[in-house]
**Student:** 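First, the structure itself, so that you have it in front of you.
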Amino acid sequence: LTDATLVGIDDRGGPRYRIAAIAPAASVADVTAGLVDDQDVPIELWIHPGTGLVTAARLETAVDGAGTTWDLELGRYGEAFTIDPPEGVS
């Protein structure tokens, strides 16, 4: 991230540091599964002050000439899970 700035403290299920920054294109490609891979984008992160874990993120991207907002809610860190492939995919 570049140009990171503490915007304030928001209540999102408890206090969270709200950080605004610019995410580099390579990281944006990872987060968007390659749908956006050629642009640095503004991002906001909400960080738990006790754990330092990111609990939410918002990215603003341009896809096919239109603005798109990506809202991500993050949690359940460290928990195991299984992803089953869709029917007909092996």
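Position 1 is the first residue of the sequence, and the numbers go up from there.
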**Student:** If I take atom CZ from residue Arg16 and atom OG1 from residue Thr55, how far apart are they, to the nearest 0.5 angstrom?
**Tutor:** 4.5 Å
**Student:** Rounded to the nearest 0.5 Å, what separation is found between the OG atom of Ser27 and the CG atom of Asp37?
**Tutor:** 12.5 Å
**Student:** Determine whether Asp3 and Thr5 satisfy the following criterion, side-chain contact (heavy atoms from CB on, under 4.5 Å), listing intermediate values before the conclusion.
**Tutor:** CA-CA 6 Å; Asp3 301 324; Thr5 304; 5.6 Å; no
**Student:** Under the 3.5 angstrom rule, does the side chain of Thr32 hit a backbone N or O of Val28 as a donor-acceptor pair?
**Tutor:** yes
**Student:** Mark yes when over 12 heavy atoms from residues, nucleotides or ligands other than Glu79 sit less than 6.0 Å from its CD; otherwise mark no.
**Tutor:**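 Above 12, so yes.
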**Student:** Which heavy atom in Pro15 sits nearest to a heavy atom in Pro49, and how many Å separate them?
**Tutor:**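 Pro15 and Pro49 have their closest heavy atoms at O-CD, 3.1 Å.
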**Student:** Please round to the nearest 0.5 Å and tell me the distance separating atom CZ of Arg18 and atom CD1 of Ile9.
**Tutor:**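 Reported to 0.5 Å precision, the distance equals 12.5 Å.
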**Student:** Measuring from Trp70:CH2 to Glu60:CD, what's the distance to the nearest 0.5 Å?
**Tutor:** 11.5 Å
**Student:** May I ask whether Trp46 and Leu6 are part of the same hydrophobic cluster, defined by side-chain heavy atoms of I, L, V, M, F, W, Y residues being less than 4.5 angstrom apart, directly or through others?
**Tutor:**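 Looking at the clustering, Leu6 is in a separate group from Trp46.
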**Student:** Should Val7 and Tyr17 be counted in the same cluster of Ile, Leu, Val, Met, Phe, Trp and Tyr side chains packed under 4.5 Å apart?
**Tutor:** no
**Student:** Applying side-chain contact (heavy atoms from CB on, under 4.5 Å) to Leu45 and Leu1, what does each step give before you reach the verdict?
**Tutor:** CA-CA 11 Å; Leu45 303 170; Leu1 299 177; 3.6 Å; yes
**Student:** Could you tell me whether a side-chain N or O of Gln39 sits under 3.5 Å from a main-chain N or O of Ala62, the two making a donor and an acceptor?
**Tutor:**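 Such a contact is found between Gln39 side chain and Ala62 backbone.
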**Student:** Applying the 4.5 Å side-chain criterion to the ILVMFWY set and letting contacts propagate, would Ile19 and Leu72 be lumped into a single cluster?
**Tutor:**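 Yes; tracing contacts between hydrophobic side chains, which count when under 4.5 Å, links both residues.
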**Student:** Would you confirm whether Tyr77, through its side chain, and Val54, through its main-chain N or O, come within 3.5 Å as a donor-acceptor pair?
**Tutor:**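 Yes, Tyr77 side chain to Val54 backbone: donor-acceptor pair under 3.5 Å.
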**Student:** Check Glu73 with Arg58, please: is the shortest side-chain N to carboxylate O separation under 4.0 Å?
**Tutor:**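 Not counted as a salt bridge, because no side-chain N and carboxylate O are separated by less than 4.0 Å.
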**Student:** First locate atom NE2 of His48, then atom CG of Leu74, and finally report the distance between them rounded to the nearest 0.5 Å.
**Tutor:** 13.5 Å
**Student:** Name the residue from Val36, Val31, Ile43, Leu35 that meets the side chain to side chain contact (heavy atoms under 4.5 Å, CB included) definition with Thr61.
**Tutor:** Val36
